[in-house]
Peer 1: 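The structure follows.
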Amino acid sequence: GESVGLHLPTLSVQEGDNSIINCAYSNSASDYFIWYKQESGKGPQFIIDIRSNMDKRQGQRVTVLLNKTVKHLSLQIAATQPGDSAVYFCAEMKTSYDKVIFGPGTSLSVIP
Amino acid sequence: DTGVSQDPRHKITKRGQNVTFRCDPISEHNRLYWYRQTLGQGPEFLTYFQNEAQLEKSRLLSDRFSAERPKGSFSTLEIQRTEQGDSAMYLCASSLFGGQDNSGNTIYFGEGSWLTVV
């Protein structure tokens with residue numbers, strides 16, 4: 001079946017550098033994409049979302065890019081901090097009012 | 001704390017026993033979701049409610065699993081005759097469908113209930 005997946009299972013970055021986490025999705029009918037952050041032993045925390053009619057959206061230190069042509073989603077974290085260490089999931093929804101379908105996640109480790 | 005609340009946070013049970021988890025959503029959120037997550041994997045959708053109506057159930061939700069939301073507020077997830085394969089974190093989430101803000105249907109998760117079946 002169609003699913004959301006990630007290119008890399010782990011990513012290590014130096015503190016202060018920018019991080020880029022990538023995601024490939026296969027359901028071209030999805031209208032809404034979300035990035036969640038999950039720290040060890042906690043539930044997923046909403047970071048940022050983007051609708052399919054947009055190609056970029058910025059938040060505080062985070063930017064999400066959507067390339068519908070190649071079905072690619074990325075999360076950029078500026079000036080990565082130790083507190084950013086976590087597993088990051090991209091997720092999709094068929095509409096903005098549907099359930100969330102998660103990918104397998106990327107583990108981000110920030111090196112002090 | 002006005003976030004999604006789950007109880008208990010941890011449960012160890014013997015195989016064959018029944019367990020029940022409770023979820024209290026964010027106040028006034030009319031949608032409530034249950035997910036299951038195993039180590040190293042993303043959360044998997046189980047079921048969701050809008051108010052008291054259960055609108056969708058995943059094929060993952062076997063006959064041993066039942067979820068209720070009788071008054072459209074809190075919800076319970078019961079697992080009967082637990083098996084070792086049921087060991088996982090059970091996540092609850094909630095959202096406001098039809099809200100007037102511009103955030104769409106942002107789904108907020110609780111901290112999860114860890115189940116270990118021994």
Side-chain angles (χ1 to χ4, degrees), chain A residues 1-10 21 23-27 30-54 57 59 64 66 73 75 86-108, chain B residues 1 3-7 9-10 21 23-26 29-50 54-61 67 88-99 101-114:
Chain A
E2 295 185 295
S3 64
V4 177
L6 293 170
H7 290 304
L8 297 173
T10 61
I21 302 172
C23 174
Y25 67 93
S26 58
N27 188 349
S30 291
D31 183 50
Y32 192 60
F33 301 89
I34 314 105
W35 282 101
Y36 283 91
K37 171 186 180 184
Q38 187 173 28
E39 296 175 274
S40 182
K42 295 187 176 182
Q45 177 187 357
F46 173 89
I47 301 174
I48 192 167
D49 57 15
I50 189 168
R51 292 183 185 273
S52 61
N53 61 354
M54 303 170 67
R57 191 171 187 205
V64 55
L66 175 62
L73 191 70
L75 177 70
V87 176
Y88 290 80
F89 292 98
C90 68
E92 62 174 335
M93 299 167 78
K94 287 183 182 177
T95 70
S96 62
Y97 292 104
D98 198 2
K99 61 186 180 291
V100 178
I101 304 296
F102 285 83
T106 292
S107 178
L108 175 66
Chain B
D1 184 15
V4 178
S5 177
Q6 294 190 242
D7 182 71
R9 293 293 317 280
H10 300 274
F21 298 111
C23 172
D24 287 89
I26 293 172
H29 274 192
N30 49 13
R31 284 202 172 175
L32 187 148
Y33 307 79
W34 285 101
Y35 284 76
R36 178 173 67 190
Q37 186 177 24
T38 54
L39 210 58
Q41 302 296 315
E44 298 173 297
F45 169 77
L46 293 177
T47 187
Y48 87 94
F49 294 83
Q50 180 162 317
Q54 190 171 18
L55 296 188
E56 187 174 348
K57 291 195 292 186
S58 162
R59 284 172 288 181
L60 293 175
L61 211 65
M89 180 164 67
Y90 291 85
L91 287 160
C92 179
S94 71
S95 67
L96 178 61
F97 173 73
D101 67 7
N102 293 323
S103 63
N105 187 34
T106 304
I107 296 176
Y108 298 94
F109 283 82
E111 299 291 66
S113 291
W114 285 96

Peer 1: Are there residues of residues 88-95 of chain B that reach to under 4.5 Å of chain A by heavy atoms, and which ones?
Peer 2: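 If one takes a 4.5 Å heavy-atom cut-off, the residues of residues 88-95 of chain B near chain A are B/M89, B/L91.
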
Peer 1: Not counting sequence neighbours, which residues clear side chain to side chain contact (heavy atoms under 4.5 Å, CB included) with B/D7? List them please.
Peer 2: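 With neighbours one apart ignored, the set is empty.
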
Peer 1: Taking the six-membered ring of B/Y48 as reference, does the cationic atom of A/K99 (NZ for Lys, CZ for Arg) lie under 6.0 Å from its centre and within 45° of its axis?
Peer 2: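 That pair does not qualify as a cation-pi contact.
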
Peer 1: Select one option (side chain, backbone, both, neither) describing which atoms of B/E56 are under 4.5 Å from chain A's heavy atoms.
Peer 2: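 Answer is side chain: those atoms of B/E56 sit under 4.5 Å from chain A.
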
Peer 1: Grab the two heavy atoms, one from B/Y33 and one from A/D98, that are nearest each other, plus how far apart they are.
Peer 2: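 Smallest interatomic distance, heavy atoms only, reads OH-O, 4.0 Å.
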
Peer 1: Not counting sequence neighbours, which residues clear side chain to side chain donor-acceptor pair (under 3.5 Å) with B/T47? List them please.
Peer 2: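 B/Q54.
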
Peer 1: Just how far is it from atom CG of A/L108 to atom CD1 of A/I21, taken to the nearest 0.5 Å?
Peer 2: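 Answer rounded to 0.5 Å: 5.0 Å.
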
Peer 1: List in chain and number order the residues that pass side chain to side chain contact (heavy atoms under 4.5 Å, CB included) with A/Q45, two or more places apart in sequence or in another chain; answer none if no residue qualifies.
Peer 2: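 Side chain to side chain contact (heavy atoms under 4.5 Å, CB included) check on A/Q45 returns A/K37, A/E39.
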
Peer 1: Run the ring pair (Phe, Tyr, Trp, His ring centres under 6.0 Å) test on B/F109 and A/F102 for me, step by step, so that the C-alpha distance in whole Å, both residues' side-chain angles and the decisive distance to 0.1 Å come before the verdict.
Peer 2: CA-CA 13 Å; B/F109 283 82; A/F102 285 83; 5.6 Å; yes

Peer 1: Under 4.5 Å from any heavy atom of chain A, what part of B/Q37 do you find: side chain, backbone, both or neither?
Peer 2: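 Looking at B/Q37, just its side chain touches chain A.
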
